[in-house]
Structures are given as structure tokens and as C-alpha cells.
Amino acid sequence: MTAVTDRTDHADRPGDDHPEDGLSKDASDASDACSEGGTCEVNTSEEGTSENGLPGEATSEDQPQEGTGDSEPCEEGPPESAASGDRHARVEDDDTAARAEGGTVWDDGLIARRVSETAGGQEAPVMEIKPLVQGPPAPLAYDGPLRSRLDALRELVGLSRTRLDSRTLAEAGRVLDEAAARRKHSGQHTVVAIAGATGSGKSQLFNALAGVAISETGVRRPTTAAPIACSWSDGAATLIDRLGIPGRLRRRPLQSPEAEAQLRGLVLIDLPDHDSAAVQHREQVDRVLALVDAVIWVVDPEKYADAVLHERYLRPLAGHAEVMFIVLNQVDRLPGEAAHQVLDDLRRLLDEDGIALGEYGEPGATVLALSALTGDGVGELRESLGQFVAERGAAARRISADLDAAAARLRPIYATGRRVGLSEEARDDFADRLADAVGAVAAGEAAERAWLRNANRACGTPWLRLWRWCQDRREPPTGRLPVRAPADEEATARQRVEQAVRTVADRAVYGLPAPWAQAVREAAVRGSQGLPEALDEMTARAVTPAGRPPRPGWWPVAVLAQASMTILQVIGGLWLLGQIIGITSPNLGVPVLLMVAGIIGGPAVEWSSRMAARGPARRYGLEAERRLREAAAGCGRARVLDPVASELLRYREVREQYGRVTGAASAPVG
């Protein structure tokens, strides 16, 4: 708190009747000090009080009390002499008399002391009014949709840590940390930074809004070397601590009921030049811009189209239009209609940057033209800023815009605009390739031939079976074609299995972002290790054991018929032999008829049995092929398709969370 003092020796002043009570001035002295020193401004913050609740001595910039987090007054009186110590001002209780002498009644906002001197020189008792003890401001509260989006982003980061590197998730993690940190602080205050280029007049605008010279201005560049904070109400100390602004750079604006009511809750930050030649200045600008709730960009007629401003700041922050003010300063330098032309061109550039303009009731950036030097347009900015602060929604809108920016950067990682996953066609093709690798078709055909062979042996004529047995004994079992070596067959089968795995992996990763595609490929490769050996074991169990295939019910009938035909042939032959020998009476008709019936009936029965066996043999072969296919498909599904499907399901989960972050439904995943 600033104590209004006078450089005149108080011991020599008449009327100081009570030097021992610590009071250093009377009402006329206080009025003289106010009239000579300009506006008499008093800080009402708690840092200006001593431990016993009395107004303390003024604290200058050269002797800051850091660590308290409170703001210093923006106007400081001359330092008191050592002789004055902790003396306080004495003000006459008669306001009319004080005004007549040109003075004002001094009230420090915490303790009001009004002293009136009677005609007899007696002093009225001093009345102390203790301030109301107010609790800390309520913390910031996010609405339901914003909380849901933050929870979804937190879940998204957790699900993605094993698939994405920390650099990719760094921005999302920063947004979550800043949202959690901002939520712990006051929701009744809005932190607004004033940023601009060298010579744009941002410090001058800062002083114009505060109503008093706080930030240094001048032709020396850069002028502002460190951020300066100015708070219009108490309770913002923790917010300013979060920005890393020390106590010696904290100020209070000119105290006036109108300004305090209009901008209550505002914390204004004057930043260094964003294009400063000093690297540390630019670093401070970037650091603070990431923490404030809103930004006032100050441009001048010379640098409003500067590429550094548009490419480095405005264009990347296009999604933060609702928490941005773009102010064209120094319009007093533009003659006639030039100010409107420059303002229109500025709007055009902002539109090209993708910044939505808050015109015609639409949400977006506020664009104004003013002159901080003459004050033209400053009132309009103060009114817009007052409405903006009164809404108490800037912090939530800033966090929401940060969420949108983080989601836009993560979009190539989570969304490609394509339907991804394994289709039924891809799964069936993988099963067919594995079945081909284990020879399911060949195994079915072999089973069919085996069944036919058994049918021919069971239902064929004995003479034909005897002839085939002799043929098998005389000819090699391999026939004319050489038998392929088992090693060649195994190598061919392994290559087919690897090709099947590569094909299904390529189809599974189609349309996936690169990190998830790599995860799917790795899962497929891990599953393919040992797959050929597993297929061999499976094939050995699935193939029908060696031995005779099952016989249908009509086989005994065919065997009996074939035996009857053979018996007829034997009877007819013996009968003819008996006639030749003379044992039986000559009668060629009957034995010849019996022999012809047996000779013709045997092949007929064999041919009929073969025709009848084709259907069952085909079904038997298909059943053997089906069993082998299912076994191969089950082995491939357990080792390859299930791990791939797990990765795709994980991607679907993160895709759904990303949809919640962006507020849109996620695209279907196969």
C-alpha cells in the first residue's frame, strides 16, 4: 500500500499536535500531497498492511517483497524519510472543510481513519473499520462436455503409450497438465496477455487500460524486457505465480469504482516483443502465451502484415479465435479513410490465416482499431474486454481450443478416413492359402481314390483282383513319374505359409495409420513363427488313420452278387469239364449259359459297384478335405488372426476415444 507523504519536515509543520501517536499529516497535508503528486491512488491488497492490520509503509520496486504473490500498487509516492518511520496520514472528518481546502478524504480500503479537530484543538477518537475476511476464490469448473473430452484424451494417451513414442503424445500430455493446473486456480479471474511486435504500442495500450503508467514506454527497443502483471481484483496471486511473474513486476490499476466494476476479475499481462532481438524475450512470450486464457494482439499500420506474426503465431493459433483480440493501434497516424482500408486488409489476412472473425454475432476473434496515444477506441476495447471477462468462460474456451489443436495434430495417427480391418473375404483367403499349404485338396482327392480303390477291391471280380495283384508285384510302386522329395515338399509348404501370412497382414493394415500398421505387422510376424510346424502336427492328427475306410451298407450285397457270379462261372466250367471227361451226360446249353452268366455278370456287378461308389467316395474325400481345412484354419486363426484382431480391436478403442476427444463419432473399423 502506498502511503501519501510529503517531503517537508513534519517536525516544523504547525498543527502536528500528536507527534508521538505515529500520525504524520493532517487533512491539509494530505490534500496537498494528492494535488501535487497527481492522482492519489491507494492499493487495497493485503500486502500493504502490517501484522496488526494497520497500513504499512510503501514498498518500492527496488525493495520488493517477493513470495507473497500479491500485486504492488501501480502508483507509488515518494519514499518516506527515516524519521517518519511508520507514521500514518491523518484526515479531517469534516469532508466539506477538506474539499474547501482542495483536499480529498483518504481511505486505504482496509482501515479508515478520520480525524476532526474541534475549535478547542481536541482530537476526535480514531475509528478502525476492519475489512471483511473473504475466502479464496472458487476454483475453475469445466462443464460436462469439456470434462468428457479431457477424460477421453487422458484415456487415449493411456491406451497409446505402448504404440506411440513420447514425442508424439507430448502435446496431448501438455494440454492435460495445463487443464488440470488451470482448474486448481481461480475461476473468477481471466488472464489476458497483450502481445505485439516491437514499436506496436502494446505497452502504451497496457497503460491506457490500467489508467496509469505501469509499463515503460519509449523509443529504445526492446523496451519491455519481462512480463508485467496488473490485476483488477484480489485473489489472482496463484494465477500470476503460475505465469512465473515475480512480485516486483505485479501492479494494480488506477483505483476507480467504474473501472473496477467494469474489469473486475481481469489480470492483464504486458509481454515482451515477440520479434525482439533478445532470444530470452521471445522465449518468455512463447511460454506465457501457452498459459494465459486469452491474448490481445496489438499490430500497427506498418507491421500488421508481418510474416513472422502470421506464420508463427496467428496461423497456428487459428483455432483459438474465440479467445483472441486483434487490435490495430496507432490509427491516429493514418489520414482519412486509410484506417478503414488498413483494417479491412487486416481482416482479409486474418481470414486467410483461418481465423474466424466475431462479426454479426458469430463466435470468433474481436478486431478493433484504436489509438492508445489519443485514447480513441480504447473505451470500446475496454467495454469488449469487460464483457469478455464477465462471461468467465475464457479459460474453458482456451482449454477447448487447445484440445482441438492437439486432436488435429493427432489426426493422422488415429484417423485416415478409410474403413480398416479384416474382411470375411480376407479371412477366407487366408484359410484357403493355409489349406493349400498343407495340401487339403490333395488329401481329399487321395481319400476319394482310396475309397474307390477299396470299393473296387471289395466289389470287383476275383480274376481282376488277381491280375492287379500280379501287376503290382511286377511294376515299381512309383509308376512313371518320380516321387518328389519330402524336403522339397516341406520347403514349398513353408513358403506358402509365409506368403499367406504376408498377404493377410497387408490386407489387415490397409488404411491403418503407420504406428498401428506396424503393430499389426509385428503381431502377424510373431504368430507366423512356428506356424508350419504346428500345421504339420495338426495335419497328422486330422488325416484319417491308416487302414480301411468305412464301408457302406450295400457293399455286402455287391460282394455276395460278385461271389454268385463267380460260383456260376465255376459250376458252368466244371459241368463242361465233366461232359468232356464223360462223367456227365452231354448238355452244352446249361453249362455254357451258366458260364456266360457268370462271365458277364461279374464285370457288370463290378461296374455297377464302381458307379455306385463314386458318390460316397466323393463325399468321403470332401469330408477329409474339410477336416483338414478346418484344422489349418483353426491353427492359423489362433496364431495369426487372433493377435491381428486384438491389435485392430485396440485401434478401434483408441479411435473411439479420439472421436470423443474431437466430439465426432468414429469411423467403423472392420
Side-chain angles (χ1 to χ4, degrees), residues 422-460 468 472 477-508 524 527-528 530-555 558 608-642 644-645:
L422 278 177
S423 62
E424 291 298 328
E425 181 182 359
R427 298 173 187 269
D428 294 342
D429 181 71
F430 179 66
D432 292 341
R433 289 177 180 271
L434 291 183
D436 185 39
V438 300
V441 177
E445 293 176 351
E448 182 179 356
R449 288 193 300 269
W451 205 94
L452 286 175
R453 216 167 26 247
N454 291 335
N456 291 336
R457 289 173 181 175
C459 303
R468 287 175 178 170
D472 294 339
T478 57
R480 297 179 180 179
L481 299 177
V483 178
R484 179 180 296 176
D488 295 340
E489 293 180 356
E490 182 179 354
T492 302
R494 184 177 295 274
Q495 291 174 0
R496 290 177 178 176
V497 171
E498 293 175 355
Q499 180 64 27
V501 173
R502 285 196 299 269
T503 302
V504 74
D506 291 341
R507 293 188 176 184
S528 65
L531 181 59
E533 292 78 7
L535 289 174
D536 291 340
E537 297 177 3
M538 174 274 308
T539 303
R541 294 193 302 267
V543 174
T544 304
R548 291 182 178 181
R551 297 185 177 186
W554 55 268
W555 273 21
S608 300
S609 299
R610 183 177 298 176
M611 293 296 102
R614 285 185 176 179
R618 180 62 178 166
R619 289 193 295 271
Y620 179 75
L622 291 177
E623 179 64 20
E625 180 182 352
R626 183 190 63 79
R627 289 196 303 270
L628 196 55
R629 281 181 175 275
E630 289 181 354
C635 186
R637 181 172 55 254
R639 287 181 169 267
V640 178
L641 293 184
D642 287 349
V644 169

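Computed over heavy atoms, backbone and side chain alike; hydrogens, waters and symmetry mates excluded. Heads up: numbering here begins at 1 and tracks the sequence.
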Work out which heavy atom in E448 is nearest to a heavy atom in R618; give both atom names and the distance.
OE1-NH1, 3.3 Å
With sequence neighbours excluded, residues passing side chain to side chain donor-acceptor pair (under 3.5 Å) with R619:
none
Please report the closest heavy-atom contact between G636 and L434, naming both atoms and the distance.
CA-CD1, 3.6 Å
Which pair of non-hydrogen atoms, one from G621 and one from A447, has the smallest distance, and what is that distance?
CA-CB, 4.1 Å
Those residues that, when tested against A524, pass side chain to side chain contact (heavy atoms under 4.5 Å, CB included) (two or more places apart)
V501, A505, V640, V644
Taking salt bridge (charged side-chain N to carboxylate O under 4.0 Å, His left out) as the test, write out the residues that go with E630, two or more places apart.
R626
Search all heavy atoms of R507 against all heavy atoms of A426 and return the closest pair with its distance.
NH1-CA, 3.5 Å
Can you name the residues that form a side chain to side chain donor-acceptor pair (under 3.5 Å) with E498, not counting sequence neighbours?
none
Counterpart residues, side chain to side chain contact (heavy atoms under 4.5 Å, CB included), relative to A442 (two or more places apart):
none
Side chain to side chain donor-acceptor pair (under 3.5 Å) contacts in which one or both residues fall within residues 428-437, not counting sequence neighbours
D429-R433, D432-R629
Considering only heavy atoms from C-beta outward, does the side chain of L531 approach that of L535 to under 4.5 Å?
yes
Output the distance between atom CD (E625) and atom CD (E623), rounded to the nearest 0.5 Å.
10.5 Å
Can you name the residues that form a side chain to side chain donor-acceptor pair (under 3.5 Å) with D506, not counting sequence neighbours?
R521
Using side chain to side chain donor-acceptor pair (under 3.5 Å), reason through Q499 and R502 one step at a time and then give a plain yes or no.
CA-CA 5 Å; Q499 180 64 27; R502 285 196 299 269; 2.7 Å; yes
